[in-house]
Amino acid sequence: MSGDFDEMSCFRRIDGAASTAVVEAVASAEGVPPRTLDPLYDTIDPDALDALVSDAGPVRIRFSYEGHTVTVHGDGRLELEETAATTVTDADPSAASD
């Protein structure tokens, strides 16, 4: 991973809104500007994410976004893992059209 992530743990401290931190972290990991990513609201409600994390309780939210598994912890940690690509090796022959 690139950007400001700790190369060993892939953790980052959230400074500000969790939703903004997620988009910036994924953009940094991908080496692209944040505006080029799909909108976060297509994956998760950004306002709900911010509200859950701002309570700073024992919460952990995990979701997939832009090829990464994102885990946001209530204590202000953001964990980012690259999601393994999946491939289909067996096709359903009945799905083929003639």
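Quick note: numbers below take in every heavy atom, side chains included, and nothing from hydrogens, waters or symmetry partners.
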**OP:** Under the side-chain hydrogen bond (donor to acceptor under 3.5 Å, both in side chains) rule, what do S64 and T83 come out as? Steps first, then yes or no, please.
**Re:** CA-CA 8 Å; S64 294; T83 305; 4.7 Å; no

Subject >> Minimum side-chain heavy-atom gap V72-L49 below 4.5 Å >> reply: yes

**OP:** Locate the shortest heavy-atom distance separating L80 from A25; write the atom from each residue and the value.
**Re:** CD2-O, 3.7 Å

Original post:
What distance do E79 atom CD and R62 atom CZ have between them, rounded to the nearest 0.5 Å?
Top reply: 6.0 Å

Original post:
Under 4.5 Å between any side-chain heavy atoms of L37 and V26, yes or no?
Top reply: yes

Subject >> Y65 side chain to P39 backbone, donor-acceptor under 3.5 Å >> reply: no

**OP:** Measure from the side-chain N and O atoms of E81 to the backbone N and O of V70, and report whether any donor-acceptor pair falls under 3.5 Å.
**Re:** no

Original post:
How about D38 and E66: do any of their side-chain heavy atoms sit closer than 4.5 Å?
Top reply: yes

Original post:
With side chains defined as the heavy atoms from C-beta onward, is the minimum distance between I61 and V53 less than 4.5 Å?
Top reply: yes

Subject >> Donor-acceptor contact present, side-chain D50 to main-chain A17, <3.5 Å >> reply: no

Original post:
Cluster question for you: counting only ILVMFWY and a side-chain heavy-atom cut-off of under 4.5 Å, with indirect links fine, are Y41 and I44 together?
Top reply: no

Subject >> Smallest separation among heavy atoms of R60 and H73, with atom names >> reply: CD-CE1, 3.6 Å

**OP:** Quick one: pull up CG in L78 and CZ in R13 and give me the separation to the nearest 0.5 Å.
**Re:** 10.5 Å

**OP:** May I ask you to check whether over 12 heavy atoms, not counting those of D15, lie within 6.0 Å of atom CG?
**Re:** no

**OP:** Please report the shortest heavy-atom distance between P33 and A27, naming the atom on each side.
**Re:** C-CB, 4.0 Å

Original post:
V23 and F63: same hydrophobic cluster, using ILVMFWY side-chain contacts below 4.5 Å?
Top reply: yes

